[in-house]
Amino acid sequence: MKLYNGGLIITGIVVFLALAFFPFYYNIGKVNAKPEPKLEPAIKMSEKRFGKKQCVEPREFMRREHMVLLNNWRDSVVRDKNRRYSSEASGKTFNMSLQNECMQCHSSKKNFCDKCHTYMAVKPFCWDCHIEPKEKEGSKS
Amino acid sequence: MSMDRRQFLKITGISSILGLGASVASATHPIWMPGVDPDLVSPNAQALTAKRWGMAVDMTKFRSEADIKRVVEACHSIHNVPDFGNNPDGTKNIKDEIKWIWKAKFKQAFPEQATELNEHLEEAPFLVFCNHCDNPACVRVCPTKATFKRDDGAVMMDMHRCIGCRFCMAACPYGARSFNWRDPRPFIKKEKQNRKYPTRTKGVVEKCTFCTERLAVGQMPACVEKAPPGGLVFGDLDDPKSAIRRLVSTRYTIRRKPELGTGPNIYYVIGGR
């Protein structure tokens with residue numbers, strides 16, 4: 001078999017491959033920059049309150065469904081006069097409130113909620129009205 | 001693979017029946033929705049309940065301007081109601097003003113009742129606020145059900161649904177509703193802010209809610225707590241044994257614009273016994 005202009009073609013292919021895969025190797029090492037919401041304050045609070053690590057529902061469920069849970073809490077409180085929520089999974093009872101429950105444990109919006117939301121580019125407008133907890137000095141990061 | 005027409009039809013037929021069965025099974029077992037399952041949510045045990053909340057206002061119990069101001073301030077600071085202050089020329093900024101409860105003169109609150117015989121009353125101060133009507137005009141006109149009547153009589157605002165169309169403001173004959181023309185946050189004094197209650201945002205309508213967030217934890221409305229004894233009597237109008245019912249049944253009371261058919265639930269005690 002004879003390849004005419006072999007040098008040119010091979011160089012062309014190499015250049016093409018280098019360009020085509022540029023985004024992949026450019027990002028090597030950066031893929032690890034996933035968000036890391038700070039859980040320590042919440043864990044401390046829940047240990048004080050329940051004697052163990054405990055969110056409203058199991059962690060996996062919260063990660064996936066917290067926005068649905070919040071919407072349901074909101075409607076249940078404002079429209080149906082309910083204020084208490086009992087979790088089937090843990091048997092624990094919670095006050096259905098964004099400001100007065102979620103944020104009592106997750107005491108920094110910046111180091112918790114915002115960590116994921118900024119990464120995902122979601123901007124819940126809840127904070128236009130609901131007052132976020134005061135950020136403690138030195139909690140910038 | 002060898003499959004004749006007959007075999008093919010058999011297989012597709014059976015699998016579509018199985019498929020239908022599966023979809024029926026999943027319809028009878030809906031995905032569990034947290035918060036909407038009535039088994040999971042309940043009111044607080046200590047919540048105050050009623051069939052028809054109402055208020056009786058006896059202005060003779062208010063001894064001074066300070067008594068009135070204290071009540072208004074209690075409501076407005078607990079609910080993060082902004083204060084837009086005065087215009088540059090010193091007059092009150094009534095265009096931006098947000099008010100849940102405020103002071104009105106008799107002739108303003110009861111225009112159809114003012115006669116030359118009660119002239120001495122004309123300028124007398126009255127506390128006015130949402131009448132939590134039996135037949136609320138605001139609820140009728142709201143296109144999103146953002147304002148609605150609860151089964152305990154309170155006419156409630158769901159801020160999450162309000163689109164700021166202001167139909168309710170046009171409908172309310174009592175001027176009980178205020179629109180947020182501007183972002184209210186900069187006008188809420190930091191030292192008076194209640195961090196347990198939300199603010200509102202530009203573009204929503206707000207008003208007195210009978211302090212539903214306080215009723216839910218067994219507390220009386222803030223204004224009632226701060227009023228002189230007997231000045232504001234809050235209770236269940238449908239309960240014959242309640243203090244408010246006895247007061248309204250035994251004393252002469254008037255309501256604001258009852259002739260409009262809205263069925264206001266705020267009663268004003270007039271004159272002595």
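So that the names make sense, note that chain A is the first sequence line, chain B the second, and so on, each numbered from 1.
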Task: More than 12 heavy atoms from other groups under 6.0 Å of NZ on B:K226 - done: no
- [ ] Give a yes or no on whether the backbone of B:R195 and the side-chain of A:Q99 come within a donor-acceptor separation of less than 3.5 Å.
- [x] yes
- [ ] Please flag which part of B:K145 lies under 4.5 Å from any non-hydrogen atom of chain A: side chain, backbone, both or neither.
- [x] both
Open item on the list: So B:N80 and A:I131, do their side chains get closer than 4.5 Å, heavy atoms only?
Closed with: yes
Task: Nearest heavy atoms of A:C129 and B:T201, plus distance in Å - done: SG-N, 3.6 Å
Task: Inter-residue atom distance B:K196.NZ - A:Q104.CD, 0.5 Å rounding - done: 5.5 Å
- [ ] Could you tell me whether a side-chain N or O of B:R150 sits under 3.5 Å from a main-chain N or O of A:V78, the two making a donor and an acceptor?
- [x] no
Open item on the list: Taking side chain as everything from C-beta outward and backbone as N, CA, C, O, which of these in A:N100 sits under 4.5 Å from a heavy atom of chain B? Side chain, backbone, both or neither.
Closed with: side chain
Open item on the list: If you count heavy atoms of other groups shown closer than 6.0 angstrom to NZ of A:K92, is the number above 12?
Closed with: yes
Open item on the list: If you count every heavy atom of other residues, nucleotides or ligands that lies below 6.0 Å from A:R49 atom CZ, does the total exceed 12?
Closed with: yes
- [ ] Quick one: which of A:L98, A:N95, A:D128, A:N82 has the most heavy-atom pairs under 4.5 Å with chain B, could you say?
- [x] A:N82
- [ ] Provide the closest heavy-atom pair for A:W127 versus B:R185 in the form atom of the first, atom of the second, distance.
- [x] O-NH1, 3.0 Å
- [ ] Please say whether more than 12 non-hydrogen atoms of neighbouring residues, nucleotides or ligands are located less than 6.0 Å from CZ in B:F148.
- [x] yes
TODO: Take atom CG of A:L19 as the centre, draw a 6.0 Å sphere, and report whether it contains more than 12 heavy atoms from other residues, nucleotides or ligands.
DONE: yes
Open item on the list: Going by side chain to side chain contact (heavy atoms under 4.5 Å, CB included), A:K81 matches just one of B:L215, B:T212, B:D152, B:V41. Which one?
Closed with: B:D152
Task: B:E213 vs A:R83 side-chain heavy atoms within contact, under 4.5 Å - done: yes
Open item on the list: Counting heavy-atom pairs closer than 4.5 Å to chain A, which one of B:R200, B:K202, B:R161, B:M159 comes out on top?
Closed with: B:R161
- [ ] Under the side-chain contact (heavy atoms from CB on, under 4.5 Å) rule, collect the residues that match up with B:C162, sequence neighbours excluded.
- [x] B:A146, B:M157, B:V204, B:V205
Open item on the list: Counting heavy-atom pairs closer than 4.5 Å to chain A, which one of B:V217, B:D151, B:D158 comes out on top?
Closed with: B:D158
